[in-house]
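Side chains included, hydrogens not; waters and symmetry mates left out as well; all remaining heavy atoms used. To find a chain, count down the sequence lines: A is the first, B the second, and so on, and within it residues start at 1.
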Number of protein chains: 2
Amino acid sequence: MKIDPVSILKEHDLKHTKQRVRVLEEIALDTVAISQPDLEKKLGKEIDRVTLYRILNTYQEKGILHRIMDMNGTANYAICSSSCSEDHHHDEHVHFNCTKCFKIYCLEVEVPRIKMPKGFLAKTVSSTAYGICEKCNNI
Amino acid sequence: MKIDPVSILKEHDLKHTKQRVRVLEEIALDTVAISQPDLEKKLGKEIDRVTLYRILNTYQEKGILHRIMDMNGTANYAICSSSCSEDHHHDEHVHFNCTKCFKIYCLEVEVPRIKMPKGFLAKTVSSTAYGICEKCNNI
DNA sequence: TAGTATATGCAATTTAATTGCATATACTAT
DNA sequence: ATAGTATATGCAATTAAATTGCATATACTA
């Protein structure tokens, strides 16, 4: 995925700071979602913990990042597809949560339509598969 | 749902204590999953916080309760269907997470089959719909 | 380039989760 | 029924995670 942090910030009316750019770069490195603890470890020296919290929150609110909760309740982040906006996330692909290495993959598989019972208005649906990922299978 | 805490404990080789019974009773009260903070509030006077943590963990490990993470990373608990075991949870129904009241419903809708990419072995799949629930719609 | 609004980093606080240990409780075998 | 044993509980202390307030630094505007 080609990512240009500077133009992403512009598009969303966010000020261009080196911390914000750095966070986007780091997350864009991998197709796998990165967990907040891992991000902290990687950026801990460069960016204050509190600042990281705030950046991640605004990115998630603006629709720049997806926040995916794993089975431990830990937040993981991945870049949104370009169609996401502040009003509406289009995170309608299946996530795969490896129960061995705990990595979260964004699969190229669409979330199937689900019929809701009367009275329930679903805005988004998320599907997460739990199991053993590609890499852990080959070990 | 009719629940008999005592026989559930027996079935899973767990000692019969009043705290364990109490937790099951409380969770069985509602078809809606209850959040850990809410449980703490309700039981705080009767059961020590640490004990509650431990009880919830063993229930989840034994397949007595499902742990459903909500969008905030908060754990919510609901009684498993009888087919759940220590080895395998059969939580293959769709959850509905209300973004207004934050309640989590277990819907009577099966999780659709999803084709995994080569190399990924899914053991379970969870689907959660986010939106406005029945009750919040009528308010 | 000066002025203004906002982002950052630090300190302090609040909240959540975990661990160790002494006591209490449930089950087993007699 | 009861003594013995294993395990659950509650409390205290610790560790970790998240939030808040505020002074300073930085980016954008005119």
Check your understanding: What is the pairing partner of D/dA30, taking Watson-Crick or G-U wobble pairs with both distances under 3.5 Å in any strand?
Key -> C/dT1
Practice item. Give B/R49 one of three labels, base, sugar-phosphate or nothing, depending on what nucleic acid heavy atoms sit under 4.0 Å from its own. Key: base
Exercise for review: Please give the nucleotide sitting opposite C/dT13 as a Watson-Crick or G-U wobble pair, both distances under 3.5 Å, or none.
Suggested key: D/dA18
Review point. Looking across every strand, which nucleic acid part, if any, lies under 4.0 Å from A/R20 by heavy atom: base, sugar-phosphate, or nothing?
Key: sugar-phosphate
Practice item. Write down the partner of C/dT30 under the Watson-Crick or G-U wobble criteria, each distance required to be under 3.5 Å. Key: D/dA1
Practice item. Kindly point out which of D/dG10, C/dG9, C/dC27 is positioned nearest to the side chain of B/T51? Key: D/dG10
**Study point:** Any side-chain donor near an acceptor of the partner, B/T74 and B/S35, under 3.5 Å
**Key:** no
Point to revise | Ring-ring centroid check B/Y105 A/F120, cutoff 6.0 Å | key: yes
**Study point:** Of B/Y53 and B/K15, the one whose closest DNA chain C nucleotide lies more 5'
**Key:** B/Y53
Review point. Okay, side chain of A/T99, backbone of A/G131: is any donor-acceptor separation there less than 3.5 Å?
Key: yes
Check your understanding: Which one, D/dT9, C/dG9, C/dT18, comes nearest to the side chain of A/I47?
Key -> C/dG9
Check your understanding: Quick one: B/D38 CG to C/dA16 P, roughly how many Å, whole number?
Key -> 12 Å
Check your understanding: Counting only Watson-Crick or G-U wobble pairs whose two distances fall under 3.5 Å, which nucleotide matches D/dA25?
Key -> C/dT6
